[in-house]
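Read through the structure below, which is laid out as structure tokens, and then see the notes.
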Amino acid sequence: MASVRLATWNVNSIRSRIDRVEAFLERHAIDVLAVQETKAREEQLPLMGLQSAGYDVAAVGYDQWNGVAIISRVGIEDVEVGFPDMPGFGDPEPKAEARAIGATCGGVRVWSLYVPNGRKVDDPHYVYKLDWLARLRAAASAWVGEPTALVGDWNIAPRDEDVYDIAAFAKDTHVTPPERAAFQAFLDDGWSDLARPFTPGPEVYTYWDYYRQRFERNRGMRIDFLLGSPALAERVLGAEIDREERAGKGASDHAPVIVDLG
DNA sequence: ATGGTCGGTGGCCGA
């Protein structure tokens, strides 16, 4: 099996970030990049110079609402859109189908995921987030025996050390026991966090809010993860959070996470 | 308990 350098990155609008995306792909020689929060419709995406640079792109999205994509220089096969919004939830229908896209790249089935944010613990979106995760888990259980990666913005900080001040987050989403249990359930099913062993905490994050100079003060959260099935876990050679990508003007509020599969 | 800063949009909402 050929080696694959796989990355995930919440870009917070791919159109405003396209120069950084292209530079990132080239700088790290990324084979497959899962992108979240593209905030673009599919027909807006070919504006990128990616195709001419030799990358294939599969995307789903609607205007400013979320949107996910897979960018690959090792080909894209069998694209599948999954896990839209819950029927009857109340969100405008166009927001559906913007949270997950799967494709086979370089022999690896990659799902680019944007887990619902949840907003507040007393918000219907919070219940929806837990429902969405449960449905993803049910579907994913059928793939755990294959070389599959579930990567993206999980909007969950699984451990206390994954937020800069756990006391400040005590009443917020991302750290509640039900959300953490939902994440742990994937691990119990045999998925494993491919990057954490190579990027141990504490104070190692993938997301920093734009305001209050959170990045400069390293007050962030670890919420972006690459979960791999056992067939991938045994191939991991290393991992890196590209913290430099979060620095400077024009950065996304998330840093990319990279995993090398041998 | 708020507000701070981005992004896309259309005269605010979501993160």
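Computed from a predicted structure; not experimentally measured. Lettering follows sequence order; numbering is per chain, from 1.
- What separates CZ of A/R99 from P of B/dA15 is a distance of 7 Å, to the nearest Å.
- The C1' atoms of B/dT9 and B/dA15 are separated by 15 Å, rounded to the nearest whole Å.
- Along DNA chain B, the nucleotide nearest A/S16 and the nucleotide nearest A/N10 are compared for position; the residue whose nucleotide lies closer to the 5' end is A/S16.
- For the pair A/D172 CG and B/dG3 C1', the interatomic distance rounds to 14 Å; values are reported in whole Å.
- At least one donor-acceptor pair under 3.5 Å links the side chain of A/T199 to the backbone N or O of A/A195.
- Proximity note for A/R15 (side chain, C-beta onward) versus B/dG8, B/dG14, B/dG4: the nearest is B/dG8.
- In terms of phosphate contacts, A/R17 brings a side-chain nitrogen or oxygen within less than 4.0 Å of OP1 or OP2 of B/dG7.
- The shortest non-hydrogen separation linking A/A7 to A/I30 is CB-CD1, 3.9 Å.
- The distance between atom CD1 of A/I14 and atom C1' of B/dG8, rounded to the nearest whole Å, is 15 Å.
- Atom C1' of nucleotide B/dG4 and atom OH of A/Y164 are separated by 11 Å, given to the nearest angstrom.
- Checking A/Y207 against A/R214, the closest nucleotide of DNA chain B that is more toward the 5' end is the one next to A/R214.
- How far CG of A/D172 is from NZ of A/K120: 5.5 Å, rounded to the nearest 0.5 Å.
- Across the protein-nucleic acid pair, A/N66 atom CG and B/dC6 atom C1' stand 16 Å apart, rounded to whole Å.
- Closest to the side chain of A/N117, out of B/dA15, B/dG4, B/dG7, is B/dA15.
- Rounded to whole Å, the P atom of B/dG11 lies 32 Å from the corresponding atom of B/dA1.
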Worked verdict on A/E146 versus A/R109 for salt bridge (Lys or Arg N to Asp or Glu O under 4.0 Å): CA-CA 8 Å; A/E146 302 159 13; A/R109 185 65 173 176; over 6 Å; no

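- Taking atom P on both B/dG14 and B/dG10, the two are 14 Å apart, rounded to the nearest angstrom.
- Side-chain proximity of A/Y211 to B/dG7, B/dG3, B/dT5: nearest is B/dT5.
- What separates NE2 of A/H254 from C1' of B/dG14 is a distance of 12 Å, to the nearest Å.
- In this structure, the CD atom of A/Q213 is 11 Å from the C1' atom of B/dT5, given to the nearest Å.
- Remark: the backbone N or O of A/W208 is paired with a side-chain donor or acceptor of A/R246 at under 3.5 angstrom.
- When the P atom of B/dG8 is taken as reference, atom NZ of A/K39 falls 7 Å away, rounded to whole Å.
- At the phosphate of B/dT5, neither OP1 nor OP2 sits under 4.0 Å from any side-chain N or O atom of A/R212.
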